[in-house]
There are 2 protein chains.
Amino acid sequence: MALGKDYATQECSIARALEVVGERWTLLVVRDALYGVRRYNDFLVHLGIPRAVLATRLQMLTEEGILEKRRYQESPPRDEYVVTDRGIALWPTLRALGLWGREHYDGTVLRSFQHADCGTEIGPYGECSACGLVVPVEDVLMLPGPGLDPDPANPVSRALLKPKRLLQPVVVDQV
Amino acid sequence: MALGKDYATQECSIARALEVVGERWTLLVVRDALYGVRRYNDFLVHLGIPRAVLATRLQMLTEEGILEKRRYQESPPRDEYVVTDRGIALWPTLRALGLWGREHYDGTVLRSFQHADCGTEIGPYGECSACGLVVPVEDVLMLPGPGLDPDPANPVSRALLKPKRLLQPVVVDQV
DNA sequence: ACATGTCAGTTCGGTGACCGAACCGACCCT
DNA sequence: AGGGTCGGTTCGGTCACCGAACTGACATGT
């Protein structure tokens, strides 16, 4: 994890988790992967992250089994990074964190997440209160909220304005 | 947040949250606060964190309204840091993160969390399946699991072996 | 009176993670 | 041949974090 070493003295699952996803940018990369971002350049544009840091994070997340590197064309060779089950399992954490940030800092809805089957807003543990179950991530519908810039500069942000289910690859229209 | 600046280009509640609690050690300090740790020295001993970093984090968390500094004796003047509602609201995030770490890395239960009223293990939505409700943090009973060292070196870890409710101040026995 | 100990920090020198910008190689198109 | 894209790597500078030492206010023991 970030800086120096690990949380050596800790005997704690939270500390163990933070050793893997606690570094700067890491959770945002996973978030984007859940949103359907898959390509190096799309992560780069959407996150505004230094190139070297992105390369390091993608490699580390791949080694940890959170992303999977997959060749999608041969010439020129191009790989995409697809989120695995282990990465998908981080959704409740990201959802809880997002709700906390919205509640205590944003004060407005930037994105809303609904159960695709019934339209109910997803709760802090990724559950649908109406159906009383944890909604599978692929059944979560992401919609832009009123607080979101309706005309962002970069094409990935623009592609993420369309309502879409999580995990569905994002389609970036070429200019 | 960690390093340099913020996540400037992001319009996202998750990024906003990480600007506040995304730095190294920060979430572990909040975790300890929820466990009932309140004093500088207890945080220091339990976390094994550099003193300067702890001082910075406590000040920042206080400014952000996640902890509250409170004088508990006058001579010598001593303050304790008590978690506020805003900090308590991070419990679902920490719970989700801990479950992920346990599931994917630890493979054993280090601490278990039960509904104090009925002894049922808290579910993945923070709910008590027996009572059918989301358990308020003060009604969560924390118990040591089989994976936890039964005789830790430092007195704070030892005090946290006793079953106790979250938020209840931890009692460290002097030697 | 004086030494010793505790608590809550601050100070300091060294290391290394992160930053932005430039560069690189493989491939494509014209 | 020239220019553009994609997915990186390299590089110098800055800043966060690291551990250890120091400080000051107070309490305790003799």
Side-chain angles (χ1 to χ4, degrees), chain A residues 1-10 18-29 32 37-62 67 69-81 154-156 172-175, chain B residues 1-10 18-29 32 37-62 67 69-81 154-156 172-175:
Chain A
M1 133 110 220
L3 278 200
K5 40 211 69 131
D6 49 5
Y7 295 115
T9 71
Q10 298 297 309
L18 287 172
E19 286 180 6
V20 181
V21 297
E23 283 172 306
R24 183 152 157 80
W25 295 111
T26 303
L27 276 177
L28 294 184
V29 172
D32 271 19
V37 177
R38 295 185 168 189
R39 301 186 183 178
Y40 180 91
N41 212 50
D42 290 346
F43 284 109
L44 194 71
V45 166
H46 189 232
L47 291 170
I49 183 179
R51 307 178 74 90
V53 176
L54 177 59
T56 309
R57 294 292 180 276
L58 289 174
Q59 192 195 335
M60 188 269 288
L61 286 168
T62 302
L67 299 182
K69 193 170 181 168
R70 175 194 297 171
R71 174 86 21 126
Y72 70 91
Q73 74 178 33
E74 288 299 336
S75 180
R78 289 287 181 263
D79 300 312
E80 58 184 6
Y81 298 88
N154 80 72
V156 182
V172 179
D173 18 315
Q174 316 302 13
V175 187
Chain B
M1 134 108 217
L3 280 200
K5 40 212 71 132
D6 49 5
Y7 294 115
T9 70
Q10 297 299 308
L18 287 172
E19 286 180 6
V20 180
V21 297
E23 283 171 307
R24 185 153 156 77
W25 295 111
T26 304
L27 276 177
L28 294 184
V29 173
D32 271 18
V37 177
R38 295 185 167 188
R39 302 188 182 177
Y40 179 91
N41 213 49
D42 290 346
F43 284 109
L44 194 72
V45 166
H46 188 231
L47 291 170
I49 182 178
R51 307 178 75 91
V53 176
L54 177 58
T56 308
R57 293 293 180 275
L58 289 174
Q59 191 196 335
M60 188 269 288
L61 286 169
T62 303
L67 300 181
K69 193 170 182 169
R70 175 193 297 170
R71 175 88 18 129
Y72 70 91
Q73 74 178 31
E74 289 297 337
S75 179
R78 289 286 181 264
D79 300 312
E80 57 185 5
Y81 298 88
N154 80 74
V156 182
V172 179
D173 18 314
Q174 317 299 18
V175 186

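Every chain is numbered from 1, with letters handed out A, B, ... down the list of sequences. Keep in mind that this is a model prediction, so the values were computed, not measured.
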Are [X] and [Y] side-chain neighbours, meaning at least one heavy-atom pair lies under 4.5 Å?
X: A/E23; Y: A/R57; result: yes
X: B/R70; Y: B/R38; result: yes
X: A/Y40; Y: A/L54; result: yes
X: A/Q73; Y: A/S75; result: no
X: B/T26; Y: B/M60; result: yes
X: A/Y72; Y: A/D79; result: no

Distance check needed: [N] [atom2] versus [X] [atom1], whole Å only.
X: B/D79; N: D/dC26; atom1: CG; atom2: C1'; value: 14 Å
X: A/E74; N: D/dC6; atom1: CD; atom2: C1'; value: 15 Å
X: B/N41; N: C/dG5; atom1: CG; atom2: P; value: 16 Å
X: A/M60; N: C/dA17; atom1: CE; atom2: P; value: 12 Å
X: A/L58; N: D/dG8; atom1: CG; atom2: P; value: 7 Å
X: B/R57; N: D/dC18; atom1: CZ; atom2: C1'; value: 12 Å
X: B/E23; N: C/dA17; atom1: CD; atom2: P; value: 17 Å
X: B/I49; N: D/dA20; atom1: CD1; atom2: P; value: 15 Å

Just compare [options] and give me whichever is closest to any side-chain atom of [X].
X: B/R78; options: C/dT6, D/dG7, D/dC17; answer: C/dT6
X: A/K69; options: D/dG8, C/dA8, D/dC17; answer: D/dG8
X: A/P50; options: C/dC19, C/dG9, D/dC17; answer: C/dC19

Give every pair of a protein N or O atom and an N or O atom of nucleotides 27-30 of chain D that lie under 3.5 Å apart, one pair per line with the distance.
from   : atom 1 : to    : atom 2 : distance (Å)
D/dA27 : OP1    : B/S75 : O      : 3.2
D/dA27 : OP1    : B/S75 : OG     : 2.7

Exercise for the section: Mind checking B/Y81 for me? I need base, sugar-phosphate or nothing, with any heavy atom below 4.0 Å counting as a touch. Expected result: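 Answer is sugar-phosphate: B/Y81 comes under 4.0 Å of backbone atoms only.
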
Handout entry: For the student: nearest non-hydrogen atoms of B/H46 and B/D32, plus distance
Key =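 Residues B/H46 and B/D32, closest heavy atoms: ND1-OD2, 2.6 Å.
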
Handout entry: Exercise: identify the closest heavy-atom pair between A/V21 and A/L27
Key =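 In this case the closest contact between A/V21 and A/L27 is O-CG, 3.6 Å.
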
Pairs under 3.5 angstrom, nitrogen or oxygen only, protein versus nucleotides 9-12 of chain D, please.
none

Exercise for the section: Dump the intermediate steps for side-chain contact (heavy atoms from CB on, under 4.5 Å) on B/L61 and B/Y81, then the final yes or no. Expected result: CA-CA 9 Å; B/L61 286 169; B/Y81 298 88; over 6 Å; no

Problem - Residue whose nearest DNA chain C nucleotide is more 5′ - A/P77 or A/G48 - result: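 It is A/G48, whose closest nucleotide lies nearer the 5' terminus.
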
